[in-house]
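The next block holds one structure in the form of structure tokens; read it before the comments.
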Amino acid sequence: MRLSATSEAPAVVTRFAPSPTGFLHIGGARTALFNWLFARRHGGKFLLRIEDTDRARSTQEAIDAILEGMRWLGLDWDGHEYYQSQFWARHAEVARELLERGHAYRCYMSAEALKAGREKAQAERRPYRVESPWRERTDWPGDSGYVVRLKAPREGETVIEDRVQGRVVVKNAELDDMVLLRSDGTPTYMLAVVVDDHDMGVTHVIRGDDHLNNAFRQLGIIKAMGWPEPVYAHVPLIHGADGAKMSKRHGATGVMDYDALGYLPEALSNYLLRLGWGHGDDEIIGREEAVRWFDLDAVGRAPSRFDLKKLDNLNGHYLREADDGRLAGLAAPRVAGLIGRDLTSEEIALLARAMPELKPRARNLNELAESATFLFRARPLDMDEKAGQLLIGDAPRLLARIYAVLSVLDEWTALATEAAVRGVADTAGVKLGLVAQPLRAALTGRATSPGIFDVLVLLGREESLARIADRMEG
RNA sequence: GGCCCCAUCGUCUAGCGGUCCAGGACGUCGCCCUUUCACGGCGAAAACACGGGUUCGAUUCCCGUUGGGGUCACCA
């Protein structure tokens with residue numbers, strides 16, 4: 001019982017508690033983000049706890065993947081990460097205390113008996129609740145072959161004032177005596193979360209909606225132990241386009257999948273934040289503003305569907321806003337993968353110089369990389385189909401005339417090359433497009449590219465003229 | 001099926017009894033800009049699930065229906 005305001009404990013302690021059975025899921029990333037924002041907003045602490053209670057399914061690779069995802073999103077946690085498995089002794093101790101105080105009991109029911117009861121209930125189409133004959137007994141037949149169950153109250157009701165879901169009430173008769181300690185003595189998740197959250201001083205439990213039902217059971221342990229109840233906030237899950245809980249069949253579900261797809265962490269972060277939360281008409285919300293504005297009360301109660309198109313749009317925005325050098329660094333390995341060799345530092349510098357022309361045209365880093373390959377491909381350039389079409393007919397002749405005027409230019413600038421090329425179009429009596437398109441094909445091997453005069457400058461005089469010569473008449 | 005949650009344009013949302021014949025964003029469709037593709041600018045179509053109440057007045061409050069979702073382990 002803490003009555004003084006001079007306590008050293010922060011007023012807000014949140015945590016993210018993933019189980020390491022896979023990568024960082026997009027939904028998990030959002031709850032992590034909300035926890036992080038809430039803690040930062042209130043000057044509190046954000047803790048990370050790996051729920052590796054299920055040792056068979058927990059792997060180091062998964063732990064690393066989750067940490068990687070957190071770092072990628074810029075969600076730093078306070079202190080070291082906690083591992084639930086390290087606290088088994090403490091969990092067992094709490095179970096023992098509950099046992100001693102009569103809030104829990106040893107249940108010797110066999111797995112078969114449990115199963116039979118469940119099946120019987122199923123057949124009779126009535127709800128199943130464990131009715132252990134051991135609930136009120138203390139004549140324990142032995143020191144093995146039992147589980148420890150919470151002796152949950154049967155009367156009355158349990159109320160949660162959820163910061164997102166509002167007041168939720170469940171009749172205690174609906175809750176059953178959950179297992180606290182398995183027959184091998186290991187703690188169950190239900191026990192472990194509650195004990196760890198308490199021991200870590202967690203004040204606000206912000207997590208997925210799918211845990212709302214668990215909260216009532218967990219409250220049973222908290223009350224039995226006489227611990228302070230945390231503030232709960234159960235945020236709705238993220239759904240796929242079909243309205244069902246987001247899963248593999250909806251496409252990419254891992255945070256790092258989005259990295260691979262060419263999304264920027266700040267774009268994904270902004271998108272996730274706006275999914276189920278809003279601040280007026282604001283759409284583009286950076287970290288700083290997010291910390292300033294985030295509020296649990298504004299989190300919606302309805303699940304929201306993941307919309308890749310909107311993410312694309314946001315990503316395009318952040319791409320355009322991003323530093324050219326940073327983008328060149330991010331795009332370089334992707335370009336290398338496309339052209340089959342690494343880029344030199346000079347080429348990476350060229351990539352950075354091309355960025356102002358490249359980035360407004362891309363929605364993600366992969367598109368960006370693809371659009372940059374023309375800068376680095378060896379002559380003679382391979383043409384894609386549309387580019388090939390642009391080089392038939394009058395094109396070789398026009399290219400020869402372009403070559404003629406460009407090769408004598410004093411100054412190799414966008415302005416100068418434009419004047420020269422326009423001159424060719426005028427003399428030939430054709431629209432600029434008729435000249436520019438074959439030129440584009442010759443220079444880039446594609447029918448689309450950045451502005452053709454910028455391309456000329458980026459490529460430089462020598463390379464440009466050589467590429468034109470490759471395709472012109474004569 | 002029991003229990004719990006939810007319900008505004010296709011999608012994300014604003015709205016917290018009258019300012020709403022409902023605002024923004026994405027997407028879609030036009031137009032403009034233009035050497036291509038983008039970017040950018042302008043504009044259009046597009047929603048309060050339904051039925052009862054409460055109220056002078058409901059998108060906003062209550063109940064029900066329908067529809068969606070979550071959850072029911074010695075998994076987490």
Side-chain angles (χ1 to χ4, degrees), chain A residues 17-21 51-54 56-58 84 107 109 111 114-115 118 121-122 125-130 146-149 162 164-166 168-171 173-176 178-190 192-193 208-216 234 236-237 239 241 243-245 271 274-284 300-314 316-317 320 357-363 367 371 386 390 418 421-422 425 431-441 444 446-453:
Chain A
S19 50
T21 54
E51 310 245 305
D52 56 347
T53 305
D54 183 359
R57 289 203 299 161
S58 303
Q84 190 154 68
C107 174
M109 282 177 85
L114 248 15
K115 195 176 168 213
R118 218 177 341 258
Q122 186 99 29
R125 293 186 56 218
R126 59 175 168 78
Y128 175 70
R129 278 186 55 235
V130 178
Y146 66 87
V147 297
V148 174
R149 284 184 188 279
D162 194 280
V164 170
Q165 303 294 340
V168 187
V169 183
V170 164
K171 290 183 181 58
E174 302 286 345
L175 276 18
D176 63 2
M178 64 183 158
V179 173
L180 264 22
L181 243 36
R182 303 188 185 102
S183 53
D184 64 359
T186 59
T188 59
Y189 161 80
M190 288 290 183
V193 247
D209 214 352
D210 49 344
H211 284 288
L212 182 56
N213 292 296
N214 288 338
F216 291 91
H234 288 93
L237 300 175
H239 286 185
K245 187 173 169 178
Y271 178 70
R274 278 289 288 104
L275 203 54
W277 178 84
H279 183 267
D281 284 341
D282 297 304
E283 298 288 346
I284 304 296
R301 294 114 310 179
S304 35
R305 302 183 186 205
F306 195 85
D307 180 15
L308 209 57
K309 288 283 179 52
K310 186 133 185 177
L311 211 209
D312 280 337
N313 177 270
L314 238 21
H317 170 86
R320 270 169 259 134
E357 294 304 319
L358 261 20
K359 63 185 185 182
R361 273 163 250 264
R363 285 185 317 226
E367 284 184 7
S371 73
K386 285 181 183 170
L390 290 170
E418 175 165 4
V421 174
R422 278 190 189 278
K431 285 188 174 174
L432 181 59
L434 220 62
V435 179
Q437 279 302 84
L439 178 57
R440 183 188 317 282
T444 69
R446 299 289 141 87
T448 67
S449 80
I452 201 61
F453 308 112

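Note on naming: letters A, B, ... go to the chains in the order of the sequence lines (proteins, then strands), and numbering restarts at 1 for each one. The analysis underlying the following values was restricted to heavy atoms, covering all of them including side chains, and did not include hydrogens, waters or symmetry mates.
- Here, B:C12 and B:G27 have their C1' atoms 11 Å apart, quoted to the whole Å.
- Counting atom types as modelled, A:Asp281 pairs a side-chain N or O with a base atom of B:G23 as donor and acceptor under 3.5 Å.
- Checked against ring-ring contact (aromatic ring centres under 6.0 Å, His included), A:His239 has no partners two or more places apart in sequence or in another chain.
- With B:C5, B:C26, B:C12 as the candidates, the nucleotide lying closest to the side chain of A:Gln165 is B:C5.
- Ranked by how close their nearest RNA chain B nucleotide is to the 5' end, A:Ser304 and A:Lys359 are led by A:Ser304.
- Under the Watson-Crick or G-U wobble criterion, with both distances below 3.5 Å, B:G51 is paired with B:C63.
- Comparing B:G41 with B:G24, their P atoms sit 15 Å apart, to the nearest whole Å.
- Across the P atoms, B:C62 and B:G70 are found 25 Å apart, a figure rounded to whole Å.
- No hydrogens or angles were tested; on distance alone, a donor-acceptor pair under 3.5 Å links the side chain of A:Ser183 to the base of B:C74.
- Residue contacts for A:Arg320: at a heavy-atom cut-off of 4.0 Å it reaches the sugar-phosphate backbone alone, with no base atom in range.
- Look at the P atom in both B:U13 and B:U55: the space between them is 34 Å, to the nearest Å.
- Under 4.0 angstrom from either OP1 or OP2 of B:G68 there lies no side-chain N or O belonging to A:Arg305.
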Please tabulate, one pair per line, each protein N/O and nucleotide N/O from nucleotides 33-35 of chain B that are separated by under 3.5 Å, including the distance.
{"residue": "B:U35", "atom": "OP1", "partner": "A:Arg422", "partner atom": "NH2", "Å": "3.3"}
{"residue": "B:U35", "atom": "O2", "partner": "A:Arg440", "partner atom": "NH2", "Å": "2.3"}

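- In this model, a donor atom of one side chain and an acceptor atom of the other lie less than 3.5 Å apart for A:Thr186 and A:Arg182.
- Not counting sequence neighbours, the partners of A:Val179 by the side chain to side chain contact (heavy atoms under 4.5 Å, CB included) test are A:Val147, A:Arg149, A:Thr188.
- Figure legend. B:A46 is base-paired to no nucleotide; pairs are counted as Watson-Crick or G-U wobble with both atom distances under 3.5 Å.
- A donor-acceptor pair under 3.5 Å links the side-chain atoms of A:Asp162 to the main chain of A:His234, judged by distance alone.
- Nearest-nucleotide mapping onto RNA chain B: of A:Leu212 and A:Arg149, the residue sitting toward the 5' end is A:Leu212.
- For the P atoms, the distance from B:U11 to B:A49 is 12 Å, rounded to whole Å.
- Donor-acceptor pairing under 3.5 Å, judged by distance alone, is present between the side chain of A:Arg361 and the base of B:C37.
- Screening A:Ser304, A:Pro236, A:Pro303 against A:Leu275 for a side-chain contact (heavy atoms from CB on, under 4.5 Å) leaves a single residue, A:Ser304.
- Across the P atoms, B:A38 and B:G30 are found 13 Å apart, a figure rounded to whole Å.
- Annotation: B:C50 and B:G68 have their C1' atoms spaced 15 Å apart (nearest Å).
- Judged by distance alone, the side chain of A:Arg305 and the main-chain N or O of A:Ala241 form a donor-acceptor pair under 3.5 Å.
- The side chain to side chain contact (heavy atoms under 4.5 Å, CB included) search around A:Glu357 returns A:Arg361, A:Pro450, A:Asp454, not counting sequence neighbours.
- Listed by chain and residue number, nothing satisfies the side chain to side chain donor-acceptor pair (under 3.5 Å) test with A:Asp281 (two or more places apart in sequence, or in another chain).
- For B:A73, the OP1/OP2 oxygens have no side-chain nitrogen or oxygen of A:Arg182 closer than 4.0 Å.
- The residue A:Met190 sits close to a base: some heavy atom pair falls under 4.0 Å.
- Pairing for B:G40 is with B:C32, a Watson-Crick or G-U wobble pair whose two hydrogen-bonding atom distances lie under 3.5 Å.
- Listed by chain and residue number, A:Arg106, A:Tyr108, A:Val148 satisfy the side chain to side chain contact (heavy atoms under 4.5 Å, CB included) test with A:Tyr146 (two or more places apart in sequence, or in another chain).
- Within 3.5 Å, a donor on the side chain of A:Asn214 pairs with an acceptor on the base of B:A76, or the reverse.
- Minimum atom distance to the side chain of A:Arg274 is reached by B:U13, of the listed B:C74, B:C5, B:U13.
- The phosphate of B:U71 has OP1 or OP2 within less than 4.0 Å of a side-chain N or O from A:Lys245.
- Across all strands shown, B:U11 is found opposite B:A25 as a Watson-Crick or G-U wobble partner, with both distances under 3.5 Å.
- Counting non-hydrogen atoms under 4.0 angstrom, A:Thr448 reaches a base of the nucleic acid.
- Under the Watson-Crick or G-U wobble criterion, with both distances below 3.5 Å, B:U71 is paired with B:G2.
- When the C1' atom is compared between B:U19 and B:C4, the two are found 37 Å apart, to the nearest whole Å.
- Taking a pair to require two hydrogen-bonding distances under 3.5 Å in either a Watson-Crick or a G-U wobble arrangement, B:G18 pairs with B:C56.
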